[in-house]
Structures are given as C-alpha cells and as structure tokens.
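So the structure is just underneath, and the comments pick up after that.
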Amino acid sequence: MPDKEKDICKEQVFKKVFDTYVEDLKKFLFFKFQDIETANDVVQETFLKLWTNCYKVEFKKVKSYLFTLANNAFLDIKKHEKVVREHNKKVLQPDRENQSPEYIMIEEEFLEKIEKAISSLPEKQREVFVMSKIEKLKYKEISEKIGISVKAIEKRMKNALMNFKKYMDEE
Amino acid sequence: MKENYDKYFADWMTGQISDTELKKLIPKDEYLRFLKIKKGINVLSEIKNNEKSWNDVRQKIKKRNSGLVFRVLKFSVPVAAVLLIFFAIRLFGNNTEVVITTKKGEFTSVELPDHSKVFLNAASQLRYNKKNWHKKRELYLKGEAFFKVQKGQKFTVHTGQGDISVLGTQFDVKQRDKYLKVVCYEGKVSVKISTEDFILPKGTGIVKNHSRIDKLNITTGQPSWLDGISKFSAVPLYLVMEEMQNQYDISFQVDKSVDTMRKFTGGFVHHNLDLALRNVFKTMNISYQKKGNIIVLKKE
C-alpha cells in the first residue's frame, strides 16, 4: 500500500534519504578516487539521478540503488581516464621535467584514526579543534559562539594540535 | 625529538610556519607524514560538511528544473480548467520535461503535443518531454490514466511495473505499488512486463498483482472512474481501500477482525464519502466509524 513517508519524490523524504546516506557515500567514493572533489561531484550527480528517477525507486532499495549508481559512475570515470591516458601516450611527447606533486594516499584506517584522535581530545580542546579544522570557522566566529577570547582559543588550539599529533603517532 | 616535531606541527597547522620553512626544519619523511595528516583532516572536513553538499545538490536540481521543483512541491498552483481542478507542474529548464501530478481526490486531463489526450486519475503522476515528443512519444506514469492516442509513431507508457506500447488507440493503465492493470478499449496494445510481452486486442485487459498475471475481458466502452465511480470485480478489499484513499482524503485504521484479503465486487462513488463507505463496507459486513480523517474498521 502506498506510504507517504516512503515517497522519494517528496522533498522531506528525499532529504531524509540524503541525510542518511550522504556521508557513507562520500567516504565510499573518496576511498575509490582518492580525491575528495571528484567524490563530492559524483555524490551530487548520484543524488540528482535519484531525484529524477524517484518514482521508479523502491524506498527499501534506495541504499543499494545509490551505491550501485555511485560505483558505476566511478567505473565510467576510470574507464574514461584510461582512454585519455592511452591517447596522451600516443599523441604527446613525454615531458621528463614535469613531475606531478607528491601523491598522498589516505586509507580508511588512517581516516578512522583521525576521527578517533579527535574524539580522544579533552572536551574543550576538541570543541575548538572541530570548529576550526572541521567546521572551518574563524577564531573570531568561534569566540562569539562559545564566549571565550581569541587568545584563549589560540592556546586551546595549540594544545589540541599537539595532543592530536601525539595520538596519531602512537602505535 | 618527537616533541619538537609536534610543536612544529601545531605551528604549521595554525599558519605560523609555511610549508617551505617546515621543510627545512624536519626530515622529508616527517614532512610527508605532516602533509598526510593535514590532507586527512581536510578530507574529513569535506566529508562532514553535509549542509554544503545538500545545497550543491539542490542547486543542480534547480539548474535542471529552472528553479521550480522545491517550491512547487510545497505549494500547488491553482489553474482554472473546465473541471476546476488543482494540479502541480514541474518544468525542467531547457529540456522542457513536463510533470503533472494529481493529489488525492483530484483528476485532470492533459493534451499532448500531438493532440493525444491523457485523463489522469487521483494520486497519480505523468511525465513527458515536450520538446522531444515529435521524435519519440513516450511518457512515465505513476498511478492511473486513460489514454486516447492519435495515430502516429509508437506511443509508450513506462510504469514501475511494466511498459505499454500502442499505435493509435484508447487504453487505460492502472499502476499502484506492485499492481498493474492495462485495458484496451480500441485498437491494439502491447504490454511488456519484465521480459514477457503481451498483445491486448480491443476489449481485453491484463492484470499483474505482484507476480501473478491474469487476463481480462471487458464489456464497457471506457473505465468507470472517468464517470466518477470506481468499479471492482473480485478485487481484494485492501486494493479497494487503497483506491478510496486516493479519491478521498482519508486513511484507514483496521481492526484485526477484518480480513482485507476478501474479494470485493462492486463500486464506490467519488463525490460522497459516506455513500462510498456504505457502497463498500455495508455489503462486506464491516462496520466503519469516522474519526475525523480516519476511518476505523471492525467486523460487524
């Protein structure tokens, strides 16, 4: 029987689906692409596709629909990249002077460790660390939000970073 | 030594030391480790920032829809038509995709670019591309509609339960959840359900309910709902109740004593709820009580 809370074509339901799966989708795609911008683009395209096909998708199958779309997009992009690379090999002169910047790979375990490191911080330090480095707020904005001076924030931030680094270096 | 590095880490992360200065102060592998941590934090920040992602998705949808989608989902636009009905339209930017949605208890008629006509029943949605219509006559249906198709190219209706194709004819398509019913009133209709193909000559129909498929023979000239009555022949009660919920703004609260799988033969009117309830439940020996919008059902 039709259910109002399961109609993905309704904005509230669509938003709820978005909130439920967006983060996992971003992580899924980031670890495949190792590039957060591309991951973000594909996430947006995936939800756009869900929207345009909302009447065709069963609510209980939405998770597998989203991840299948995302994975297919990843495969398409990789296929295209391969074609471009092959083309470049034939057409362009190899340029030995041109070095790509250091490629740094972020593994799942590493990202998890960062999250644990942040959780391990004492509350006051964690608050400032999260607001500044995760939510990207300026010290002035943080000061207004939690009611302490910018100087005090600087001090907490320094301690937070040092404790954070210590945790990251353990094991 | 390690503590010094941590100190450099804090100063570098807060912008007091630049990358080039840092490179001079610590060994290369430490520097790469620093970069990795900074990148990891940035990635985490991007992953956690879902407000921005949501706004980006909305932007993309708006771009496709020329800014009307979310607004229209909240507000219906009243349109003066012969029958004074309300329906919601979503116009998709350059693509000129048209979406027509009816609410409970409403129905509307649509004329397609080739003068084919569609009569859309309650709680249904129709989508088609206006610009590409002359190239390909296809549309997407969720719910129930009656089609009067002008002779011409292949005309295709996609539903979640199957695809229907015709060449100039009159037919009715009803799709609700896992249920699909197609009846051909004139001409010939081809119905494709997953991998099976069915041809329906005039006066026949097909019903698919979950995985069960039955053929039908029809004697009337057009669907009864166009006359303001919904008629059923040996249809499980819960489907009849579902259709009532589409025609009236009600929902049902069903006591355990009521068997909603029982077959119902008969009809209910669209213009009077009390009469409609009587039409259905009196003959089934089910008592009904109106509590605002909720109809409570119990076995008599």
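Basis for what follows: all heavy atoms, side chains included, without hydrogens, waters or symmetry-related copies. Chain naming here is simple, since letters A, B, ... match the order of the sequence lines and numbering starts at 1 in each.
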Problem - Among B/Lys52, B/Met13, B/His158, residue most engaged with chain A (heavy-atom pairs, under 4.5 Å) - result: B/Met13
Handout entry: Greatest number of heavy atom pairs closer than 4.5 Å to chain A - which of B/Ser45, B/Ser53, B/Ser251
Key = B/Ser45
Problem - Test log, rule side-chain contact (heavy atoms from CB on, under 4.5 Å), inputs B/Ile47 and A/Ile36 - result: CA-CA 8 Å; B/Ile47 287 175; A/Ile36 192 64; 3.9 Å; yes
Nearest 0.5 Å, please: how far is [atom2] in [Y] from [atom1] in [X]?
X	Y	atom1	atom2	value
A/Asp7	B/Gln125	CG	CD	8.0 Å
B/Thr14	A/Lys158	OG1	NZ	7.5 Å
A/Cys9	B/Arg127	SG	CZ	5.5 Å
A/Lys113	B/Ile37	NZ	CD1	8.5 Å
A/Thr52	B/Glu97	OG1	CD	8.0 Å
B/Lys36	A/Met105	NZ	CE	7.5 Å

Exercise for the section: Indicate the ring-plane relationship of A/Phe164 and B/Phe9, choosing parallel, tilted or perpendicular according to the 30° and 60° boundaries. Expected result: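 The arrangement is parallel - the two ring planes meet at less than 30°.
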Handout entry: side-chain contact (heavy atoms from CB on, under 4.5 Å) evaluation trace for B/Asp6 with A/Asp169
Key = CA-CA 10 Å; B/Asp6 291 356; A/Asp169 292 336; 3.6 Å; yes
Exercise for the section: Measure A/Ile118 against the heavy atoms of chain B and call it side chain, backbone, both or neither at under 4.5 Å. Expected result: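 Just its side chain gets close to chain B.
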Handout entry: Atom group of B/Lys142 that falls short of 4.5 Å from chain A, counting heavy atoms
Key =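 Side chain only.
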Handout entry: Exam field: side chain B/Lys39 to backbone A/Ile104, donor-acceptor pair closer than 3.5 Å
Key =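 Pair found, side chain donor or acceptor close to backbone of A/Ile104.
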Handout entry: salt_bridge(B/Glu30, A/Lys165) N-O dist < 4.0 Å
Key = yes
Practice task
Inspect the contact between B/Glu46 and A/Lys26 and indicate whether a charged nitrogen and a carboxylate oxygen are less than 4.0 angstrom apart.
Solution key: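 Here A/Lys26 does not pair with B/Glu46 in a salt bridge, since their nearest N and O are not under 4.0 Å apart.
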Problem - A/Lys155 atom NZ, over 12 foreign heavy atoms within 6.0 Å - result: no
Handout entry: A/Glu123 atom CD, over 12 foreign heavy atoms within 6.0 Å
Key =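 No.
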Handout entry: Minimum heavy-atom distance A/Glu11-B/Arg58, with the two atoms named
Key = OE2-NH2, 3.0 Å
Handout entry: Closest heavy-atom pair and its distance - B/Val57, A/Phe18
Key =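 Result for this residue pair: CG2-CE1, 3.8 Å.
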Handout entry: Close side-chain approach of A/Asp19 to B/Asn50, heavy-atom, < 4.5 Å
Key =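 Side-chain contact under 4.5 Å: no.
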Exercise for the section: Check whether any side-chain heavy atom of B/Ile41 lies under 4.5 Å from a side-chain heavy atom of A/Phe129, and answer yes or no. Expected result: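 Heavy-atom side-chain distance check passes, below 4.5 Å.
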Practice task
Sort by residue number and list every member of residues 57-76 of chain A having a non-hydrogen atom under 4.5 Å from chain B.
Solution key: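 Residues of residues 57-76 of chain A touching chain B at under 4.5 Å: A/Glu58.
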Practice task
Report, by ascending residue number, the residues of residues 134-149 of chain A in heavy-atom contact with chain B at a distance under 4.5 Å; give 'none' if the set is empty.
Solution key: A/Ile134, A/Lys136, A/Tyr139
Practice task
Could you have a look at A/Gln12, A/Lys133, A/Met157 and say which one has the most heavy-atom pairs with chain B under 4.5 angstrom?
Solution key: A/Lys133
Exercise for the section: Could you tell me which of A/Ile106, A/Thr46, A/Asn40 has the largest number of non-hydrogen atom pairs under 4.5 Å with chain B? Expected result: A/Ile106
